[in-house]
Number of protein chains: 2
Amino acid sequence: MIEYPADPPVDQRWNRRRLRSNNEWLLLERLRTAGPASRAQLARDSGLSKPTVSAALAALEQAGLAREAGTVVPDRGRTAVLYEVDPTAGYVLGVDIGRAWLRLAVADLAGTVVAREDVPNRGRSGSAVAEAVLAAAERVTAAAGLGRGDIVEAVVGAPGVFDEQTGRVRYAVNLPGWGRSGLVAGMREGLATSLTLHNDANLAAIGEYACGAGAGSRLFVYILIGTGLGMGVVADGELFRGAHGAAGEIGFLPLLTNPMPPSAPSPVEGAPRRGSLEDAVSGEAVVRGARMLGMSGPLSAKQVFEAAREGVPAAVAAVRQEGERLAHVVAAVSSVLDPDLVVLGGGVGHSADLLQQTVEDTLHRLTPLRPRVTPSSLGDDAVLLGAITTALRSARPKVFDTLTAPPQT
Amino acid sequence: MIEYPADPPVDQRWNRRRLRSNNEWLLLERLRTAGPASRAQLARDSGLSKPTVSAALAALEQAGLAREAGTVVPDRGRTAVLYEVDPTAGYVLGVDIGRAWLRLAVADLAGTVVAREDVPNRGRSGSAVAEAVLAAAERVTAAAGLGRGDIVEAVVGAPGVFDEQTGRVRYAVNLPGWGRSGLVAGMREGLATSLTLHNDANLAAIGEYACGAGAGSRLFVYILIGTGLGMGVVADGELFRGAHGAAGEIGFLPLLTNPMPPSAPSPVEGAPRRGSLEDAVSGEAVVRGARMLGMSGPLSAKQVFEAAREGVPAAVAAVRQEGERLAHVVAAVSSVLDPDLVVLGGGVGHSADLLQQTVEDTLHRLTPLRPRVTPSSLGDDAVLLGAITTALRSARPKVFDTLTAPPQT
DNA sequence: CGCCTTAAGTAAAGATACCTAACTTAATCC
DNA sequence: GGATTAAGTTAGGTATCTTTACTTAAGGCG
């Protein structure tokens, strides 16, 4: 690292000096994904020679990145010493800023959650949310027995599209004041770590892909139906962002769905556009539909679904209509992206079992490109787990670089 | 290559033995993308030392992959010897199977077309097309002064989605008999090279991205509007395929467009589904729209556009309606993918200048996510150039591996 | 119990490909 | 014609990997 210019050219990564480091990284990744293994085992699997593996593992152990993990006695021959990744080499913070709840969790490098806190969030405005996040982050870090410096990376999920250039959040329809500039910068400063803000539907997609119903899918789509309507796309394990990070903002799809009168005009800044798909498919639309079909009294989407489960005809019909509308969304998305799996999540997604049949039947009518459609398996934790997964992705190489860097003079 | 197992594990690519080879590859790529350069220049740019670069270039020249390209006299100092990629180290074949024309071209490794042939194709059925392709490939290869063995890679573009597993083409709506099994295998055998079949809209997208209007776009969408309706998506320079290679089959979008009566029932196998978007937006729909608005006589889409250019009111109105329908397509695609550029190509795309204003105005009404929309710049050659680009991509590493492989005993 | 077999792990020697430093070559400038 | 500058080469040194051969530690067996 010393003999090369400060800003090494691209080719530099191929240089011999990095070969050692690269092999160490590959061995560490192998340990992480394939579990504990002996040095001889690693040598066989990686194609490296035994002496090389021994040397690399000694260096990794020295750096605090790997550790011994017991021994195993083979059928014949000498006892093998197993090694595993040391998950305590670094920690990450995940935050889910939802309309009703703030959820925070600290996880170690293996992804194990070591502390968690859920805080009610209803009614808070932009800057109050940012302050509440900072306070809760402080508490949850302490609860994990950690200090600030132990958090290598923080990832925050929230509605809207964050624009790195202006430092503002766009399309954050359901969180008043969240679009204000400087909020993210403030949080970043307060946490004193690398912090990134992501769209909640995108993180939920990653969460569901990494630890939920989406595992192993080649092209995975997560549709978040709740207060608003969002979508996250994971292609070959990578989040699909689009040119401006706004991929999946399907609230603006001009679709041919069954008739649904627009919501009443609203003076609230940033409320869903009347007549938009978001307005026609989100939770509140289910309520409107049920009212049109004759239900009365104070209603929530949840109550409509419960009534449908009990067989109340108007509720059943309202749910069927919602299923048909959703099928149009799935059909549109499928014809563009060709996913093999669509997961329905969010408030309405919780009742996806009620919707599934209608969605599948309608889909059959609409298009020959029909992906599998299933309900979310992580429920309300999808965003939080996605935030942790995303944070781990950037934290792991960062920790590796830090701990294997040559000692400074 | 000899000391390692036949099927080397993943990590193997990091081994020292491959370091040399990798650096040679990187230097070659640098020569290819940044043009001729001296060895000292390459050393500065790549971060490798002068002796290493000299040795690598000697090996590349020996292998026939690079060659001297004149000299240059700097302001002061010794004359530098320039090197460039040797484009004659291998050739590729690109084929565009269109409804009206077969287009074939042979290009060298630099992408320069060295022979080309266009053959009328109207009225041929599946197996006749395959035979015509083989015969024309034979002729065009000979015209380039090459034999079979010189063609390293062939890429064929055609409508429909090719399924590697069954060996059949699906959704090839406008090419009767093209869905028959074994056609691709037959062509592969007849050409005696590695041959792959790709969707025509996908290849056109790659062509337009690599050498046309899409250059430099982060997320680029090409919409092919002609006999049918297709789309290709290029994200960060890579084609986006979807889980089953059917991404971009937007003929099945359930969209809310202005009214357009479905085409007359057709007994032809595989004709566009009546009432589908494909049926409502493709070239033939423009004709139907014009008839509804009062135009009569034998009409083609081209003629309607020409009439609109001359100001015939019914034609102008028909074109405006087509523009509105297209805007819905662009709006839907944009809300899912968030592209920064949409290029309109194919027969209708040729008249994109007439459509552009309407598309932009309608888009404005529909959504805040508005990508740039421009007409194709390659016209009818987009598919062919995309095929060549795709073929080059796999041919280049293949040629490199072949020519740098250690001599067999 | 000691010896054989087997497999894990280590030590020493050899190979490769890189870097640095110093040199040679070839051009311009004065 | 010599100084200067930059291209390219030669020679020597170093890091990292592989190979080969060895040591260590376990179980099986006569």
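Residue numbers begin at 1 in each chain, while the letters A, B, ... track the order of the sequences.
The interatomic distance linking A:L42 (CG) with C:dG9 (C1') rounds to 13 Å, in whole Å. Following rounding to the nearest Å, B:E24 (CD) and C:dT16 (P) show an atom-to-atom distance of 15 Å. Taking atom CD of residue A:E68 and atom P of nucleotide C:dA8, one finds them 16 Å apart after rounding to whole Å. For the pair B:L82 CG and D:dA6 P, the computed distance is 17 Å after rounding to whole Å. The nearest whole Å value for the distance from the CG atom in B:L57 to the P atom in D:dT9 is 10 Å. Look at CG on A:D45: it is 15 Å from P on C:dA7, rounded to the nearest Å.
Within the 4.0 angstrom heavy-atom criterion, only backbone atoms of the sugar-phosphate kind lie near A:T79; the bases stay farther away. Within the nucleic acid shown, A:V81 comes within 4.0 Å of sugar-phosphate atoms alone, with no base atom in reach, counting heavy atoms only. Looking at heavy-atom distances under 4.0 Å, A:S38 makes contact with sugar-phosphate atoms alone, never a base.
Distances shown here put a side-chain N or O of B:S54 below 4.0 Å from the OP1 or OP2 atom of D:dT9. For the pair A:R76 and D:dA26, the criterion of a side-chain N or O lying under 4.0 Å from OP1 or OP2 is not met. OP1 or OP2 of C:dA8 has at least one side-chain nitrogen or oxygen of A:R44 nearer than 4.0 Å. For D:dT16, the OP1/OP2 oxygens have no side-chain nitrogen or oxygen of A:N23 closer than 4.0 Å.
Put simply, CG on B:L82 and CD on B:E68 are 9.5 Å apart, with the number rounded to the nearest 0.5 Å.
For B:P51, the listed nucleotide lying nearest its side chain is C:dA21; candidates were C:dC18, C:dA21, C:dG9. Ranking C:dA8, D:dG8, C:dC19 by closeness to the A:K50 side chain, first place goes to C:dA8. Here the side chain of A:R78 is nearest to one of D:dA25, D:dA7, D:dT9, namely D:dA25. In the set C:dT10, D:dT9, D:dA7, C:dT10 carries the atom at the smallest distance from any side-chain atom of A:R39. Of the listed nucleotides (D:dA26, D:dG8, D:dC17), D:dA26 has the atom at the smallest distance from the side chain of A:V73. Side chain of B:L48, nearest nucleotide from C:dC19, D:dC17, C:dG9: C:dC19.
Defined by atom type and a distance below 3.5 Å, a donor-acceptor pair is present between the side-chain atoms of B:S217 and B:D340.
Comparing A:A55 and A:P74 against DNA chain D, the residue whose closest nucleotide sits nearer the 5' end is A:A55.
Contact of the A:P87 side chain with the A:R67 side chain is registered, since non-hydrogen atoms from C-beta on lie closer than 4.5 Å.
Around the CD atom of B:E61, the shell of radius 6.0 Å holds more than 12 heavy atoms that belong to other residues, nucleotides or ligands. The neighbour count for B:Q62 CD, taken as heavy atoms of other residues, nucleotides or ligands under 6.0 Å away, does not exceed 12.
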